[in-house]
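Every chain is numbered from 1, with letters handed out A, B, ... down the list of sequences. Owing to the predicted nature of the structure, the values given are computational and were not obtained by experimental measurement.
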There are 2 protein chains.
Amino acid sequence: MNSAADLAIETIQREMTSFARRARALAGRLHPELSLVSYTLLGHLEESGGCRATDLADHYALDKSTVSRQVAVLEREGLVERRQDAADQRVQVLQLTDAGRRMLARVTDRRRAAVEERLSGWTEEDLARFASYLERYNAGLPGDAPTAPGA
Amino acid sequence: MNSAADLAIETIQREMTSFARRARALAGRLHPELSLVSYTLLGHLEESGGCRATDLADHYALDKSTVSRQVAVLEREGLVERRQDAADQRVQVLQLTDAGRRMLARVTDRRRAAVEERLSGWTEEDLARFASYLERYNAGLPGDAPTAPGA
DNA sequence: AACTGTGGTTGTATTATGCAACCACAACGT
DNA sequence: ACGTTGTGGTTGCATAATACAACCACAGTT
């Protein structure tokens with residue numbers, strides 16, 4: 001047993017928890033017009049270039065009914081649209097509308113700016129390392145996929 | 001602007017968001033008996049060695065009514081207890097009970113184990129650096145966690 | 001004593017969520 | 001062809017977490 005590593009793990013656990021706890025409130029302040037969940041759903045639609053509701057549910061460990069309702073809201077707001085899949089009449093492929101893309105870009109930018117402010121004063125090396133650690137941490141999860149690894 | 005730094009910031013934003021999104025579901029799977037919020041409230045009580053409901057509300061950017069109800073539940077479950085502050089009759093100092101401490105330890109351990117599993121294979125150096133980055137990130141919030149949400 | 005501020009609770013509404021039941025269609029097996 | 005089983009999605013509940021506003025009790029001032 002390695003106590004230095006254990007200490008680091010304990011710290012990582014604590015800090016990740018603390019961060020997660022604040023994330024929702026932060027999202028509410030930063031972009032009240034788009035909840036954290038809606039934001040990630042839109043983000044996934046952009047990344048994937050369109051997918052099914054079931055895919056979203058699987059990806060985010062949400063019940064399909066929850067996704068169904070969230071998507072209904074996003075559709076009512078004109079941020080996503082659905083079209084019947086030609087090959088399978090059960091399937092509705094979801095896609096961002098232009099308004100959805102704009103909204104996503106706007107919110108992403110506001111989030112990015114907030115993160116950037118917190119990271120002001122960090123060296124480029126530290127930023128790069130922190131980014132890679134986070135990617136590595138998230139990639140190690142079963143049941144979800146990392147985003148845009150090509151970057 | 002520095003495009004390498006910008007790229008890192010973008011990645012950090014994305015990965016932190018992705019992590020935050022999953023945190024709630026993860027907590028539900030890992031310890032259904034204690035929500036993420038309850039867990040952090042208990043954790044704060046342990047750290048602080050007892051504090052007021054208002055302190056919890058400030059610290060986690062929650063409405064005091066929310067904290068009041070959460071604490072009521074925790075008290076009903078025997079995990080926290082309150083005692084009147086001798087110096088100020090308005091104040092109820094909240095403290096963990098032994099059962100609360102045990103529950104917190106149990107859940108922390110399960111969370112720590114989950115984190116540890118994801119971090120298996122990391123070098124001690126990487127762990128230490130990741131931990132310090134997270135601490136630095138969380139500590140340096142100009143516009144987050146602390147008090148006055150209205151400001 | 002009156003006013004003002006602080007700690008806390010309760011009433012009410014909203015939102016996110018899950019589970020179960022359901023519908024429509026698809027894919028098989030006979 | 002027809003029933004059975006599986007998949008994608010919606011809807012009817014129920015519940016948890018949350019905020020805001022109104023309120024109560026006490027503290028500190030004036």
Side-chain angles (χ1 to χ4, degrees), chain A residues 20-29 31-42 45 48 50-77 80-95, chain B residues 20-29 31-42 45 48 50-77 80-95 147-150:
Chain A
R21 174 54 201 88
R22 280 188 283 249
R24 182 184 176 176
L26 176 67
R29 248 174 302 138
H31 44 85
E33 70 276 29
L34 210 57
S35 76
L36 188 60
V37 169
S38 294
Y39 173 70
T40 56
L41 294 184
L42 291 188
L45 288 181
S48 67
C51 70
R52 304 170 306 167
T54 298
D55 298 332
L56 294 177
D58 290 348
H59 200 76
Y60 294 107
L62 291 169
D63 192 82
K64 56 183 182 167
S65 67
T66 300
V67 173
S68 173
R69 284 179 242 262
Q70 292 290 327
V71 167
V73 171
L74 293 174
E75 188 186 23
R76 199 170 342 114
E77 291 168 346
V80 310
E81 61 190 2
R82 11 184 151 202
R83 59 173 179 74
Q84 289 292 320
D85 185 283
D88 186 336
Q89 289 305 108
R90 293 170 302 181
V91 172
Q92 300 183 357
V93 177
L94 305 171
Q95 275 179 316
Chain B
R21 175 55 202 88
R22 281 186 288 243
R24 183 182 177 174
L26 176 67
R29 246 176 301 136
H31 45 84
E33 70 277 28
L34 210 57
S35 76
L36 189 59
V37 169
S38 294
Y39 173 70
T40 56
L41 294 185
L42 291 189
L45 288 182
S48 66
C51 69
R52 304 169 306 166
T54 298
D55 298 333
L56 294 177
D58 289 348
H59 199 77
Y60 294 107
L62 291 169
D63 191 81
K64 57 184 181 165
S65 66
T66 301
V67 173
S68 173
R69 284 180 240 264
Q70 291 290 326
V71 167
V73 171
L74 293 174
E75 188 186 23
R76 201 174 334 119
E77 291 167 346
V80 311
E81 60 190 1
R82 9 185 151 204
R83 60 172 177 76
Q84 290 292 320
D85 185 284
D88 186 336
Q89 290 305 108
R90 292 169 302 180
V91 172
Q92 299 183 358
V93 177
L94 305 170
Q95 274 179 315
T147 1

In residues 66-73 of chain A, what donor-acceptor pairs under 3.5 Å come from side-chain atoms, sequence neighbours left out?
from: A:Gln70; atom 1: OE1; to: A:Ser38; atom 2: OG; distance (Å): 3.4

Atom-pair distance (CG on B:Asp55; P on C:dT6), nearest Å: 14 Å

Within residues 63-75 of chain B: residues closer than 4.0 Å to DNA chain C (heavy atoms): B:Lys64, B:Ser65, B:Ser68, B:Arg69

First-last contacting nucleotides on DNA chain D - partner chain A, under 4.0 angstrom, heavy atom: D:dG6 to D:dT18

A:Arg21 vs B:Val37, side chain to side chain contact (heavy atoms under 4.5 Å, CB included): CA-CA, chis, key distance, verdict: CA-CA 7 Å; A:Arg21 174 54 201 88; B:Val37 169; 3.6 Å; yes

Test side chain to side chain donor-acceptor pair (under 3.5 Å) applied to B:Arg52 - qualifying residues, sequence neighbours left out: B:Asp55

All side chain to side chain donor-acceptor pair (under 3.5 Å) counterparts of A:Asp85, not counting sequence neighbours: none

A:Thr54 OG1 to A:His59 NE2 distance, which is reported to the nearest 0.5 Å: 14.0 Å

Test log, rule side chain to side chain contact (heavy atoms under 4.5 Å, CB included), inputs B:Leu74 and B:Leu45: CA-CA 12 Å; B:Leu74 293 174; B:Leu45 288 182; 5.9 Å; no

Salt bridge (charged side-chain N to carboxylate O under 4.0 Å, His left out) against B:Arg83, all qualifying residues, sequence neighbours excluded: none

First of A:Ala87 and A:Ser35 reached from the 5' end of DNA chain C, by closest nucleotide: A:Ser35

All salt bridge (charged side-chain N to carboxylate O under 4.0 Å, His left out) counterparts of A:Asp63, not counting sequence neighbours: none

Of B:Asp88 and A:Asp88, the one whose closest DNA chain D nucleotide lies more 5': A:Asp88

A:Leu62 CG to C:dG18 C1', straight-line distance once rounded to whole Å: 10 Å

For A:Arg82, all residues meeting salt bridge (charged side-chain N to carboxylate O under 4.0 Å, His left out), sequence neighbours excluded: A:Glu75

Residue met sooner reading DNA chain D from 5', once B:Arg24 and A:Arg82 are mapped to nucleotides: A:Arg82

For atom CZ of A:Arg52 and atom P of C:dC25, their distance in whole Å: 17 Å

Distance in angstrom units between A:Leu36 CG and C:dT15 C1', rounded: 14 Å

Distance, rounded to the nearest Å, where A:Leu34 contributes CG and C:dT15 contributes C1': 14 Å

